[in-house]
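Note that the structure is a prediction, hence the values are computed from the model and not measured.
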There are 2 protein chains.
Amino acid sequence: MEKTLTRKDLIFKEAAGLFQSQGYVGTSMRDLATKVGLKPSSFYSHIKSKHEILETICNQSAARFLSGLEQIKNSIDDPFDQWIATVDLHISIAFENPSAITVFNDEWRHLEGDSLTYFLSQRKIYQQGVVGVIKSAILSGKMRDLDPNLVFNTMIGATRWLHFISSPGKASAERIAGQVQELLLSGLKKES
Amino acid sequence: MEKTLTRKDLIFKEAAGLFQSQGYVGTSMRDLATKVGLKPSSFYSHIKSKHEILETICNQSAARFLSGLEQIKNSIDDPFDQWIATVDLHISIAFENPSAITVFNDEWRHLEGDSLTYFLSQRKIYQQGVVGVIKSAILSGKMRDLDPNLVFNTMIGATRWLHFISSPGKASAERIAGQVQELLLSGLKKES
DNA sequence: TATATTTGCGAACGATCATTCGTAAATATG
DNA sequence: CATATTTACGAATGATCGTTCGCAAATATA
């Protein structure tokens with residue numbers, strides 16, 4: 001048994017926060033050192049490079065989305081309900097892990113070589129998974145017949161600003177989640 | 001009469017493209033010099049600093065949104081139709097000026113001091129303007145009663161991925177625009 | 001043509017970047 | 001307690017950053 005948060009994990013956590021507010025390139029190892037309470041040179045007993053930090057955070061985020069989707073597929077049968085749960089997944093990840101969301105959305109572009117290739121493959125797998133859910137929901141007759149990739153991207157974008165909300169109370173978070181779901185499901189037009 | 005594109009404008013244009021793909025911090029003056037066909041030191045006959053480039057691009061984008069909104073308010077009476085036109089505004093800006101969109105959405109965070117203050121004030125004015133449209137549309141009874149700022153942010157996000165589409169044909173762009181509008185207006189649920 | 005202004009460039013500046021290395025303190029292991 | 005391993009640090013390295021400066025070429029002005 002160890003401390004639940006190893007120093008390595010602390011580095012990743014603080015880095016995610018800094019990458020969110022300043023961007024990967026805009027965050028220096030000195031910034032991170034100050035945040036963690038170490039000198040810059042001390043990092044290299046724990047990690048290999050700055051790139052490794054970005055890589056780890058990106059992969060953790062990708063895994064979070066993929067495992068969430070797997071769980072949805074395993075526990076819910078109706079494809080339209082799977083879709084609703086997927087939107088909820090994005091909303092709750094945005095609230096529970098805001099900095100990782102930003103890195104997952106934006107900062108992965110600074111990955112290079114194999115890290116980039118792997119991340120993009122994971123991302124593609126995830127998108128194809130969600131698109132599969134959307135296609136099934138359309139076939140089931142419960143979802144409007146729109147381009148599945150367009151639906152995917154629009155949903156991603158529509159839930160993408162939530163992580164800006166600093167720390168919503170639980171009630172507030174649920175109210176927001178409910179309204180976003182309603183907007184995506186029923187649209188803005190009254191009495192359609 | 002001069003050339004329609006001054007060297008200064010060319011610098012801003014190429015910079016916007018680089019800022020989009022590499023980020024502001026990730027783009028060096030040497031990168032930009034290569035793109036424009038100058039040596040790094042030659043920039044400073046035309047511009048004051050790298051910051052000035054970002055500032056100019058951000059302000060141009062803000063002005064583009066604000067003037068678009070003004071025109072909508074002046075030419076359309078019904079608030080719900082104003083809302084639809086606003087969404088169209090975002091979609092068409094995303095297609096017509098993709099790199100400026102990214103800078104407007106993401107890179108403004110690297111502004112500093114007065115530039116940042118001014119940009120945020122312009123952005124706030126714009127948001128308040130659109131929120132006003134939304135409130136009126138709700139009052140008119142044609143729009144569902146959701147939190148106006150939530151509607152604003154969700155729309156911003158939902159149209160935020162469009163600039164990734166490299167160069168859609170006009171037909172394709174209109175098809176995409178139509179589907180995004182339909183999704184936002186009528187939602188995903190069939191027979192609501 | 002003579003002169004003034006704009007534009008471009010090579011070289012260099014100080015600052016900051018991620019990272020390495022030798023070494024010392026701290027900690028774990030026997 | 002003695003030894004081995006992990007962790008932290010100060011100093012330095014080479015690279016790259018935005019920017020400045022003096023000077024030449026190009027261009028506009030007269």
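OP1 or OP2 of dC17(C) has at least one side-chain nitrogen or oxygen of S28(A) nearer than 4.0 Å. Proximity of H46(B) to the phosphate of dG8(C): a side-chain N or O atom is located under 4.0 Å from OP1 or OP2. For dG8(C), the OP1/OP2 oxygens have no side-chain nitrogen or oxygen of K39(B) closer than 4.0 Å. Taking side-chain N and O atoms only, R7(B) has a distance below 4.0 Å to OP1 or OP2 of dG8(C).
To the nearest angstrom, C1' of dT20(C) lies 15 Å from NZ of K48(A). Rounded to an integer number of Å, the gap from D31(B) CG to dC17(D) P is 7 Å. Distance I11(B) CD1 to dG8(C) C1': 11 Å, rounded to the nearest Å. In this structure, NZ of K8(A) is placed 13 Å from P of dA8(D), rounded to the nearest angstrom. Atom CD1 in I47(A) sits about 7 Å away from atom P in dT19(C), given to the nearest Å. What separates CG of L18(A) from C1' of dA18(C) is a distance of 16 Å, to the nearest Å. M29(A) places its CE atom 23 Å from the P atom of dA15(C), with the value rounded to the nearest Å. For the pair F43(A) CZ and dT20(C) P, the interatomic distance rounds to 14 Å; values are reported in whole Å.
No donor-acceptor pair under 3.5 Å is formed between the side chain of S172(A) and the backbone N or O of G169(A).
Salt-bridge formation is detected for the pair R64(A)/E96(A): a Lys NZ or Arg NE/NH1/NH2 atom is positioned less than 4.0 Å from an Asp or Glu carboxylate oxygen. With salt bridges taken as basic N to acidic carboxylate O contacts below 4.0 Å, none links D145(A) and K190(B).
Residue-level contact check: R30(A) touches the bases, meaning some heavy atom is under 4.0 Å from a base atom. Here S41(B) lies in heavy-atom contact (under 4.0 Å) with a base.
Distances were taken from every side-chain heavy atom of Y44(B) (C-beta onward) to each of dA8(D), dA18(C), dG18(D); the shortest belongs to dG18(D). Listed candidates were dA8(D), dG18(D), dT20(C). Nearest to the side chain of S45(A) is dA8(D). In the set dC9(C), dT19(D), dA8(D), dT19(D) carries the atom at the smallest distance from any side-chain atom of S49(B).
Judged by the 6.0 Å and 45° rule, K50(B) forms a cation-pi pair with Y24(B).
Closest approach of C58(A) and F104(A) over heavy atoms only: O-CD1, 4.2 Å.
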